[in-house]
Amino acid sequence: RDEAALLAALARRPMAGFDLKPLYRVLAAAGQSQASTRDAREEKGGRPGPPEPLPVPAGDVKLAAYLLDPVRNRYHLVDLARQFLGVEVEEGPADRPADPACRTPALLGRDAALCARLRPAIEAEIAARGLERVYREIELPLVPVLAAMEVAGIAVDREQLERLGRQFAARSEELAQRIYELAGETFNINSTQQLGQVLFERLKLPVVKKTKTGYSTDAEVLEALAAEHPIAELVLEYRSLAKLRGTYVEGLAEHIGPDGRIHTTFQQTVAATGRLSSTQPNLQNIPIRDEPGRSLRRAFVAAPGHRLVAADYSQIELRVLAHYSGDRALHEAFAHGQDVHARTASEIFGVPLEQVTPEQRRVAKAVNFGLAYGQTDFGLARALRIGRAEAKRFMERYFERYPGVKRYMEETIRRARQTGEVTTLFGRRRPIPEIRHRVPHIRQNAERVAINTPIQGSAADIMKLAMIRVHGALLREGLSARIVLQVHDELIVEAPEDEVPRVAALLRREMEGAYRLDVPLVVEVKAGVNWYEMEEMNG
DNA sequence: CCTGACTCGC
DNA sequence: ATGCGAGTCAGGG
């Protein structure tokens, strides 16, 4: 039809605009259905052949505005028009895509015209601020990749999800009854207010922490109260099940489409560090650490005849830190493929690598973990539940053994203070005006941001580059496998069974080769019929 | 519809 | 008072 012809014409020519991903999503979906009808006509049978790759957008003023100031909470055309053109206008369809009332020919035309005038102005700033590479080589090429991922979606086994839901509900009911017995009354356990009254007024348990508005009942408090009264542990388990039921079982079920798949939206202009985020639903926070939450991953499945192949970067943030700091010991650990937490334990506790105990390794892991966040002795003490003095000794010992890391952190803060901003490997920038603030806690918070952003943001740069490479390689090699999810350091691909070995090799090659750091990038690959049971493929 | 408390992920 | 996100629920407007 005319519409199909129009979409095909659009898909052939690079476009510039404002927030092009939704349009690319339409184009990707049309390309997918076009490829399958074409193949059906030509009786190729089975799987659709390769769709025409969509061109990289010529420009996107929303992405450009995000790169110029990634901290803003919105990137509306009206704000950009004011900032870059000095024009004051009412919101139109570009800023209210969900509002059909503003989708009038006049306003559509006006937004298009604004966008056309904005592009040269805003792209001049991109060039002037050294953001050309991250714009042209990362964010713009990523648009068709994200659109394809959103269109692909991930298959969900609704019956499996519902089975888990029933298990959680049964256990939840059991816990609620026992909680009411111990409380001596029924109440809404989900209400922090009512729970606070029961715990601290009726049962007279000690108040260990308060919030702005009353008693704190968070997990840390309940864990402390577990020593005082059996109700605390029951509430903890009840609350975790309530979370699983509400957010994951019911929340995810609402998003299963008629194709039996969940199609999330990846936000490209939200995280100040350059990471992606995932909404409606968020598929980047599916439980993994504890059962029974982890079992939800059984509901994320590969289509019949397919496998999920998951590839994750091993310790990418610590590797970025090793690269940036040039620290000798950290370099050595990665160059020799050592267990980096064991190596750190060996350094802080002064014992040979082979004699590191699991407890020492656990402490070292917490120290390593906190590095990228600008951790303080106070924070480490809390995380490990040890004294502040002891935490301080661990940190001092760490920085003695890794002086390059200490130097790097001091230098990063010094430079941030001088320039008022920090940058990533690819030149992505983040302004940090608070780094010169005279109130200590505000300034210290800014210093942690200054430490964290280059590390988290560079890892995000590398992952985005890897996604572009993997997507391109899959198409180029004529494979039917498609990227379906990204979870910050992990890519999930859905592949026909017979493609799995090639896809595993491709993922390792393209991800490890995405960027050349001074230490190797290492990728671990796993495959399985669902996201829970996955076998390593690191042969 | 918004905010705060809470909890999930990396 | 260790970084970055999103969603749910309760409770109030």
Side-chain angles (χ1 to χ4, degrees), chain A residues 70-71 73 187-196 209-222 235-236 238-252 254-255 264-290 293-294 296-297 312-318 320-321 366-384 388 391 395 409 422 430 432 440-442 444-457 459-460 463 485-491 531:
Chain A
V71 182
N73 54 10
F187 64 102
N188 184 349
I189 309 168
N190 291 319
S191 163
T192 48
Q193 207 173 304
Q194 294 180 38
L195 179 62
K209 188 160 64 164
K210 305 200 86 177
T211 66
K212 264 189 278 185
T213 52
Y215 309 114
S216 171
T217 66
D218 68 16
E220 202 181 301
V221 169
L222 292 172
V235 172
L236 273 170
Y238 177 89
R239 195 178 260 168
S240 83
L241 289 168
K243 170 85 173 177
L244 295 178
R245 292 169 68 190
T247 304
Y248 298 105
V249 176
E250 288 159 31
L252 290 174
E254 286 167 16
H255 285 95
T264 187
T265 299
F266 289 101
Q267 299 289 348
Q268 204 178 350
T269 58
V270 169
T273 54
R275 273 193 179 179
L276 298 174
S277 71
S278 159
T279 62
Q280 289 190 324
N282 182 358
L283 294 183
Q284 291 182 323
N285 72 344
I286 304 302
I288 188 167
R289 288 171 196 185
D290 307 298
R294 186 183 181 126
L296 285 160
R297 293 184 171 226
D312 72 284
Y313 279 115
S314 163
Q315 307 289 353
I316 188 167
E317 293 195 351
L318 277 181
V320 169
L321 178 60
V367 172
N368 279 333
F369 182 72
L371 285 177
Y373 303 160
Q375 182 169 255
T376 61
D377 53 7
F378 196 93
L380 181 65
R382 246 176 73 136
L384 287 175
R388 191 169 167 178
M395 292 186 61
M409 289 185 171
V422 291
R430 176 172 184 180
I432 311 181
H441 77 267
I442 295 179
Q444 285 156 6
N445 188 57
E447 289 172 356
R448 287 191 293 274
V449 169
I451 296 291
N452 177 257
T453 296
I455 297 173
Q456 189 182 119
M463 174 53 103
L485 285 184
Q486 185 254 45
V487 191
H488 308 306
D489 65 351
E490 176 182 30
L491 286 182
W531 202 8

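Each chain gets a letter, A, B and so on, in the order its sequence line appears, and its residues count up from 1. All values below come from the heavy atoms of this structure, side chains included, with hydrogens, waters and symmetry mates left out.
- Under the 3.5 Å distance criterion, the side-chain polar atoms of A:T264 are matched with a main-chain donor or acceptor of A:P281.
- In terms of heavy atoms, A:L276 sits closest to A:Q486 at CD1-NE2, 3.6 Å.
- A side chain to side chain contact (heavy atoms under 4.5 Å, CB included) with A:T217 is found for exactly one of A:R239, A:Q193, A:Q194, namely A:R239.
- Remark: P of B:dG9 and CH2 of A:W531 are 11 Å apart, rounded to the nearest angstrom.
- Only A:R275, A:Q284, A:N285, listed by number, bring a heavy atom of residues 265-285 of chain A to less than 4.0 angstrom from any atom of DNA chain B.
- At the phosphate of C:dA1, neither OP1 nor OP2 sits under 4.0 Å from any side-chain N or O atom of A:T376.
- Listed here is the closest heavy atom pair of A:E317 and A:A459: CG-CB, 4.2 Å.
- Shown here is A:K209, whose NZ atom has more than 12 heavy atoms of other residues, nucleotides or ligands within 6.0 Å.
- What separates CG of A:L380 from C1' of C:dA1 is a distance of 14 Å, to the nearest Å.
- Note on A:S216: only backbone sugar-phosphate atoms sit closer than 4.0 angstrom, heavy atoms only; bases stay farther off.
- Here the side chains of A:L491 and A:M463 are in contact, with some heavy-atom distance below 4.5 Å.
- The closest side-chain heavy-atom distance from A:E490 to A:H488 is not below 4.5 Å.
- Side-chain nitrogen and oxygen atoms of A:N188 include at least one within less than 4.0 Å of the OP1 or OP2 phosphate oxygen of C:dA10.
- Within the 4.0 angstrom heavy-atom criterion, no nucleotide atom of any strand lies near A:R294.
- No contact: A:A460 has no heavy atom under 4.0 Å from any strand.
- Within the 4.0 angstrom heavy-atom criterion, only backbone atoms of the sugar-phosphate kind lie near A:Q193; the bases stay farther away.
- One can place CD1 of A:I432 at 12 Å from P of C:dG3, the figure rounded to the nearest angstrom.
- For the pair A:E220 CD and C:dA1 P, the interatomic distance rounds to 15 Å; values are reported in whole Å.
- Across the protein-nucleic acid pair, A:I286 atom CD1 and C:dG7 atom P stand 11 Å apart, rounded to whole Å.
- Side chains of A:Y238 and A:N190 form a contact here, defined as non-hydrogen atoms less than 4.5 Å apart.
- One finds no side-chain N or O of A:T192 lying less than 4.0 angstrom from the OP1 or OP2 phosphate oxygen of C:dC9.
- Between the C1' atom of C:dC9 and the OH atom of A:Y238 lies a distance of 11 Å, rounded to the nearest Å.
- For the segment residues 239-249 of chain A, the set of residues with a heavy atom within less than 4.0 Å of an atom of DNA chain C comprises A:K243, A:G246, A:T247, in numerical order.
- By the 4.5 Å heavy-atom criterion applied to side chains, A:L380 and A:F369 are not counted as neighbours.
- At whole-Å resolution of the value, CD in A:Q486 and C1' in C:dA6 are 15 Å apart.
- Nearest to the side chain of A:Q444, among C:dT2, C:dA1, C:dC9, sits C:dA1.
- Regarding contacts with the backbone of C:dA1, every side-chain N or O of A:R388 stays at 4.0 angstrom or more from both OP1 and OP2.
- Closest approach of A:R430 and A:A272 over heavy atoms only: CZ-CB, 3.6 Å.
- Per the geometry, CG belonging to A:L236 stands 12 Å off P belonging to B:dC6, to the nearest Å.
- Residue A:E317 is out of contact with every strand shown, counting any heavy-atom pair closer than 4.0 Å.
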